[in-house]
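Quick notes on the structure that follows.
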Amino acid sequence: MMDDALRRVKDVVYAPVAREVGKTFNPITITLIAGGVGVLAALCGWQGYYIQGLFLWWLNRALDGLDGAVARATGTQSDLGGYIDTLIDFAMYTIIPIGLALRNPDMDVFVALAFLLGTFYVNAAAFLYLSAILERRNLGAKQSGELTSISMPRGLVEGGEAIIMYSLFFLFPQFIGLLFLILGSMVIFTTFQHIVWASRHLT
């Protein structure tokens, strides 16, 4: 919901450093480093180091934005880079809640975790297939001038909202089950938004 505005801010912030960083690191390397940082964030959540995990989560998201900025600044954008970036994003969104849930081995928390991951699974299937249809119809990211690898209609939960919710996971671990349920419900609403969009535009 807020990603368009955040992307414009991100491009301004990263512009002065992206080309310099690109002299040392290629975008895929930055993506892989971001993945490693995300794994450390999940491990911190598992071990109860919540503040450290929070800062590692923020660093993961900062690096996730930097890889695309470096690719654009150095002319090294690629389908492989976009593919790996998306794959690692999904991995981060999965392992961090699992790590936090393992720190709170309560059945209610695991039920909430299963609900959250289930909504992720359904939403991912829905929006990735929708993105594939848009590409097949030549209505994808490239044709619409978007800076992302794949095109996706706007929804309640996007990258910015995920950053906020995952930050709350680390800040309020005592409410982790409730936060899982809230985010899962938001993801369900987002999925229905995409279904409504598809029903109006894919006839």
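It should be emphasised that the depicted structure is a prediction, and the values quoted were computed from it without experimental measurement.
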How far does [atom1] of [X] sit from [atom2] of [Y], to the nearest 0.5 angstrom?
X: Leu43; Y: Leu102; atom1: CG; atom2: CG; answer: 10.0 Å
X: Ile51; Y: Leu171; atom1: CD1; atom2: CG; answer: 6.0 Å
X: Gln193; Y: Phe127; atom1: CD; atom2: CZ; answer: 14.0 Å
X: Phe110; Y: Asn104; atom1: CZ; atom2: CG; answer: 8.5 Å
X: Thr94; Y: Met92; atom1: OG1; atom2: CE; answer: 8.5 Å
X: Leu183; Y: Leu178; atom1: CG; atom2: CG; answer: 11.5 Å

(message) Out of the candidates Asp64, Asp85, Val70, only one should pair with Thr31 under the side-chain contact (heavy atoms from CB on, under 4.5 Å) rule; please name it.
(response)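 Exactly one option meets the side-chain contact (heavy atoms from CB on, under 4.5 Å) with Thr31, and it is Asp85.
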
Which atoms form the tightest heavy-atom contact between [X] and [Y], and what is the distance?
X: Gly45; Y: Leu100; value: CA-CD2, 3.7 Å
X: Leu113; Y: Ala101; value: CD2-CB, 3.7 Å
X: Ser167; Y: Trp58; value: OG-NE1, 2.9 Å
X: Ala41; Y: Ile96; value: CB-CD1, 4.2 Å
X: Ala42; Y: Ile95; value: CB-O, 3.6 Å
X: Glu158; Y: Gly155; value: OE2-N, 3.0 Å

Please examine the side chains of [Y] and [X], heavy atoms only from C-beta on, and report whether any two atoms are closer than 4.5 Å.
X: Ile84; Y: Leu32; result: yes
X: Thr29; Y: Thr24; result: no
X: Leu130; Y: Trp197; result: yes
X: Arg103; Y: Tyr50; result: yes

Donor-acceptor pair, [X] side chain versus [Y] backbone, under 3.5 Å?
X: Tyr14; Y: Ala62; result: yes
X: Thr74; Y: Gly22; result: no
X: Arg19; Y: Ala73; result: yes

(request) Describe, in one word, how the ring planes of Phe175 and Phe172 are oriented to each other, choosing from parallel (under 30°), tilted (30 to 60°) and perpendicular (over 60°). (result)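 Tilted, since the angle between the ring planes falls between 30° and 60°.
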
(message) I'd like to know whether Ser185 forms a side chain to side chain contact (heavy atoms under 4.5 Å, CB included) with Phe115, so could you lay out the CA-CA distance, the side-chain angles of the two residues, the decisive distance to 0.1 Å, and finally the verdict.
(response) CA-CA 9 Å; Ser185 299; Phe115 170 73; 4.1 Å; yes

Same cluster for [X] and [Y] if Ile/Leu/Val/Met/Phe/Trp/Tyr side chains link at under 4.5 Å?
X: Tyr93; Y: Leu87; answer: no
X: Ile188; Y: Phe180; answer: no
X: Leu66; Y: Leu80; answer: yes

(request) Would you check, one step at a time, whether the test side chain to side chain contact (heavy atoms under 4.5 Å, CB included) holds for Ile176 with Phe169? (result) CA-CA 6 Å; Ile176 195 68; Phe169 292 170; 3.6 Å; yes

(message) For Leu59 and Phe55: C-alpha separation, side-chain torsions, deciding distance, then whether side chain to side chain contact (heavy atoms under 4.5 Å, CB included) applies.
(response) CA-CA 6 Å; Leu59 178 58; Phe55 281 104; over 6 Å; no

(request) Report the C-alpha distance between Glu161 and Leu156 in whole Å, list the side-chain angles of each, state the deciding distance to 0.1 Å, and finish with yes or no for side chain to side chain contact (heavy atoms under 4.5 Å, CB included). (result) CA-CA 8 Å; Glu161 290 76 20; Leu156 177 62; 5.7 Å; no

